[in-house]
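This is a predicted model, so every value here is computed, not measured. Just so we're on the same page: letters track the sequence lines, and every chain starts at 1.
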Amino acid sequence: MESLRIPILKIGDILIASIQVALHDASAVQFKDDLLQKIHDTRARGVIIDLTALDVVDSFIGRLIADIAAMAGLMGTRVVLTGLQPAVAITLVELGLELPRVLTALNLEKGLTMMQRLTEESDDGSV
Amino acid sequence: MVQSKAAVIRSDLDIVIARTMARDVAKTLGFGAIDQARIATAVSELARNIFLYAGTGNVTVREVEKNNRKGIEIVCEDQGPGIANIDLVMQDGYSTSRGMGMGLPGAKRLMDDFSIRSQENVGTTITCRKWRN
Ligand SMILES: Nc1ncnc2c1ncn2[C@@H]1O[C@H](COP(=O)(O)OP(=O)(O)OP(=O)(O)O)[C@@H](O)[C@H]1O
Ligand SMILES: [Mg+2]
């Protein structure tokens, strides 16, 4: 079965992906592959993944996000997660998944501000 | 009225269907947003285990009542390979599929009652409940 694709937008040197539908496993894996490919192709310095619409993040999606952050990190790209619902954040911690290496911001706007700061800092060579 | 719903697990799409069904029942039973997320996430973990380790199985969700408390009961059953050592699979980080080994212990933390009945080469039945405050 064809899995639905999550659109990935490019604004300057930042990529933005907003997940708007419940992801089944195959479409989540497809998203990871698409995103890493796009990071490579565009040499994006930052990626924002907006999860506002997700009402469940289980161990499968949690691990996928951790993997994306680790792999993007190896390519020199920062990942910021935005819009995690409070119930989802609580559930993730209780599940045992704290995503320690992943940066988060309350919403897309704050995520963009955070990303600008992060990429400017690395311009200074201070990070 | 006793609510009861069932979903067959055959593919990764059915995992989403089962957890959405569980969330809907939880919502109808008056569970709040955080408990709905806990219940849906636990079902997601257990349904994925059915898909990964047994191939097919069933998830049944129903209303339960005990000592004047109302709750939700989830039963996940399969006729897969079974679990030889239940204590082992309940440890955080134990996985035979290079997963994180978080599904079973995590689902247990998210629910109030959690029990596994399993026999090798016969199958596995996991029953868990969450009580409404
Ligand atoms: N329904 C089942 N039938 C047979 N074995 C199972 C079943 N559910 C779980 N197991 C066994 O228990 C182990 C632990 O399951 P658990 O869900 O905790 O972790 P996982 O599935 O390996 O990884 P994760 O869920 O974190 O992605 C599995 O690796 C598998 O060996
Ligand atoms: Mg699992």
Side-chain angles (χ1 to χ4, degrees), chain A residues 1-6 18-34 50-71 81-102 104 106-107, chain B residues 7 9-24 26-27 31-53 59 76 89-95 97-112 114 128 130:
Chain A
M1 175 178 164
E2 170 123 21
S3 57
L4 65 175
R5 302 290 259 265
I6 310 294
S18 176
I19 299 175
Q20 294 291 339
V21 289
L23 287 178
H24 60 88
D25 299 0
S27 60
V29 171
Q30 179 75 61
F31 170 64
K32 178 178 112 180
D33 293 348
D34 287 351
D50 185 59
L51 303 179
T52 309
L54 282 197
D55 57 11
V56 172
V57 176
D58 63 7
S59 66
F60 186 84
I61 301 293
R63 182 165 95 140
L64 193 104
I65 290 169
D67 285 352
I68 289 174
M71 292 171 188
L81 288 188
T82 61
L84 215 58
Q85 291 178 20
V88 171
I90 291 169
T91 309
L92 267 175
V93 171
E94 288 177 357
L95 194 60
L97 260 170
E98 286 162 46
L99 301 178
R101 288 158 43 112
V102 182
T104 56
L106 197 59
N107 54 37
Chain B
I9 307 298
R10 279 189 228 92
S11 79
D12 61 345
L13 295 172
D14 298 323
I15 300 170
V16 178
I17 291 169
R19 74 180 182 224
T20 307
M21 171 187 85
R23 175 190 287 277
D24 290 346
K27 192 173 181 180
F31 282 96
I34 296 171
D35 275 341
Q36 287 174 35
R38 289 184 174 114
I39 291 161
T41 306
V43 169
S44 196
E45 296 299 338
L46 300 176
R48 175 167 297 99
N49 283 352
I50 290 177
F51 172 60
L52 282 180
Y53 307 116
V59 175
C76 299
V89 297
M90 288 309 295
Q91 287 175 16
D92 279 327
Y94 176 82
S95 176
S97 67
R98 291 194 286 155
M100 285 190 303
M102 281 295 173
L104 291 175
K108 181 176 179 180
R109 282 190 287 270
L110 293 169
M111 301 296 287
D112 293 328
F114 190 93
C128 54
K130 188 134 199 106

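- How far CD1 of A:Ile61 is from OG1 of B:Thr41: 11.0 Å, rounded to the nearest 0.5 Å.
- Contact record, B:Val16 with A:Leu23: CG2-O, 3.9 Å, taken as the closest heavy-atom pair.
- For the set A:Ile90, A:Val57, A:Val88, the entry with the most heavy-atom pairs within less than 4.5 Å of chain B is A:Ile90.
- Residues A:Asp55 and B:Ala37 approach most closely at O-CB, 4.2 Å, considering heavy atoms.
- Heavy atoms closer than 4.5 Å to chain A are found in the backbone of B:Ala107, but not in its side chain.
- Considering all non-hydrogen atoms of both residues, B:Arg38 and A:Glu94 come closest at NE-OE1, 2.6 Å.
- Of all the heavy atoms in B:Glu45 and A:Ser59, the pair that sits closest is OE2-N, 2.5 Å.
- If you tally non-hydrogen atom pairs under 4.5 Å between each of B:Met100, B:Gln36, B:Lys108 and chain A, the highest count goes to B:Met100.
- Taking both residues in full, the closest heavy atoms of B:Asp12 and A:Asp25 are given as OD2-N, 3.4 Å, listed atom of the first, atom of the second, then distance.
- Between A:Val56 and B:Arg23, the closest heavy-atom pair is CG2-NH2, 3.6 Å.
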